[in-house]
Amino acid sequence: MQFMETLSTPLVSLPIQANPEAPTVKSDNQNRPVLSLIDQKLFTASTLSPFSSLEYARKVFDEIPEPNLYMWNTLIRAYSWSPEPSESVKIFLRMLCESPYFPNKFTFPFLIKAATKLSRLGVGQVFHGLVVKSSFGDDVFILNSLIHFYASCGDLDFAYRVFVRIGEKDVVSWNSMISRFVQGGCFDKALELFKEMEAENVKPNAVTKVGVLSACTKMKDLEFGRWVRSYIEQKGIKMDLTLSNAMLDMYAKCGSVEDAKKLFDEMEEKDIVSWTTMIDGYAKLGEYDLGAMDVGEWNHENIKKQRMKLNCHLTTSLIDMYSKCVEELQLICSTEGMKLRSSPMLLLLPMYYACACSHSGLVEEGRMFFNQMEPVYGVVPGVKHYACMVDILGRAGLLEEAVEFIEKMPITPSASVWGALLGACKIHENVELAEQACSRLLELEPENDKALVLLSNIYAKTEKWDNVSELKKRMRVSGLQKERGWSSMEVNGTLHKFLAADNSHPLSKEIYSKLEEIVAKLKSSGHVTNKSLLLQLVDEEDMKEQGLNLHGEKLAIAFGLISTSPSQLIRIVKNLRVCGDCHTVAKLISKLYNREILLRDRYRFHHFSGGNCSCMDYWCRWEELVLKNSTQTS
DNA sequence: CTCCCCTCTG
């Protein structure tokens, strides 16, 4: 690094302030302009705010004729956090040359932080030398930073040497050393240090306990971990979120998921880490099922029940978790295929992989993996794997191959296999095959109302209205009814639920006029090209006729627009899968109204922003894929 | 007026 050369030579001859109590100004200058406290605070805020760029703060700084030491420090700190910590060092050099100031006790922690991020031993050593020369060698803040720095550079010995020489170690000194030992794999030393700390009568805090627990986790020492818990309770140390999470991790990794679960249930506050830790704990036990996303512990009803006492942060975490799981899964599946053998989830992963393939249209990969399951991974495909394969083929429009595949199955096709075929028929509007699949499915599961609903949807999609009404009659007679779709939206802790074409909401009038405004706006911006979309939004007669067309999510979004401030996220939960129209409308609204919309439907998470959705429109993509496949084969 | 330490995941 170039600045190192610049740094090492002139520093030796720099006049170093010998006494920290001495004035921090090199020379007297009575005419220095005075910066108000407010100016300085504003400047600090501008360097820290995530909304303003550091470049801007830098420009402001360069306009200031004679920045004071506080301002220099602020800028050095800002760069130490930035992606370019070397700028901190450059600013520091500029300060030495241009300003009348010596570095003070605040300057060094920032500089050392920058050196830590740079992972340059030499740079930090120069600062260390400067610290000693300028008589800050006793400052516990600076020395703690140095522990962190040396450990980060991989020199635990030197970090420990710094630690030992600190005259009055504070709790941060001990914590730094303990957690650094843990991170460096010296678990025994970490625990030893903890005992030493006890002996020196330094009161451990929550951070200490996190470090100690981490050591227990890594050593798989459940005994000691349990002891730590009782110690915490005895000494009345506050169990904050991080500490609880560390404890969860300890229990889970040391093989006591029961204890983890118990603690998890007791925790008042949970975050994404808590959830991740628990899920991971279960995963390691092999109790993990990606089906479990919608049932059991984390099903929608449960979330709703818990929301009242656990606030909406939990919901956000869950949404993140869902999306994270899907993304991670796809990542693992697409890049780490061969490593699956070493995975403890061996028996389940092929299944996940197949599902991921079916949702992202990776036909070839799905086919290949399915064929490899037994010879390579030693897993005999079960009926669920066959259903997945049918799903993959069907989604891609390879209906004939899917049928052939089912006929050749060595085991009896289950309802899920026929269901997958039926689903594919809906996508590709194959009425004849759909009827066959439906009847086979009903043979196995006569009460399966979803099959009939699906079939009636296929009839509707292909405009076979006679068949639709016939089927509806049949369903009415047999008492089968489609699960009614609803969407809910939470505003200030109150849940607002919308059914299709719902006008029961107190603000119903406003909601509908907002919808009209949306339509007008979409129209005038030239975004509405799809006639059916427009129809669904405005034609009230038709709406009543079809009953279900004006979906609750459109109402929920309109309500969201009028009841939240522009900076707020619009958060919607839908019990069924969001339809293509609502999906498109949500995308357009996110762009035209410049709003972020989070929509969790039955199957996945959608984050609409700037006209796009995080799901990458995978149900629009199959159309492209089909098109591509058909042009390739023809 | 500012500064040091912490869990999960990969």
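Lettering follows sequence order; numbering is per chain, from 1. Reckoned from all heavy atoms, side chains included, excluding hydrogens, waters and symmetry mates.
Partners of A/R94 under the salt bridge (charged side-chain N to carboxylate O under 4.0 Å, His left out) rule, at least two apart in sequence or in another chain, are A/D62, A/E98.
A sub-4.0 Å separation between OP1 or OP2 of B/dC5 and a side-chain N or O of A/H148 is present. Distances shorter than 4.0 Å separate none of the side-chain N or O atoms of A/Q40 from OP1 or OP2 on B/dT2. Look at A/R180 and you won't find any side-chain N or O under 4.0 angstrom from OP1 or OP2 of B/dC5. Close to B/dC5, at under 4.0 Å from its OP1 or OP2, lies no side-chain N or O of A/K169.
Side-chain atoms of A/D170 lie closest to B/dC4 of the nucleotides B/dC4, B/dT2, B/dT7. Comparing B/dC5, B/dT2, B/dC6 against the side chain of A/Q183 picks out B/dC6 as the nearest. The side chain of A/D249 lies closest to B/dC8, out of B/dC6, B/dC3, B/dC8.
A salt bridge does not link A/R226 to A/E233: none of the charged side-chain nitrogens sits closer than 4.0 Å to a carboxylate oxygen. Under a 4.0 Å N-O distance rule, the pair A/E258/A/K261 does not qualify as a salt bridge.
When the C1' atom of B/dC6 is taken as reference, atom CH2 of A/W174 falls 18 Å away, rounded to whole Å. For the pair A/L146 CG and B/dC4 P, the interatomic distance rounds to 13 Å; values are reported in whole Å. Straight-line distance from the CG atom of A/L248 to the C1' atom of B/dT9: 14 Å, rounded to whole Å.
Between A/W72 and A/F92, the gap from one ring centroid to the other reaches at least 6.0 Å.
Remark: ring of A/F106 does not overlap the six-membered base ring of B/dC3 in a stacked fashion, as centroids less than 5.5 Å apart with planes less than 30° apart are not both met.
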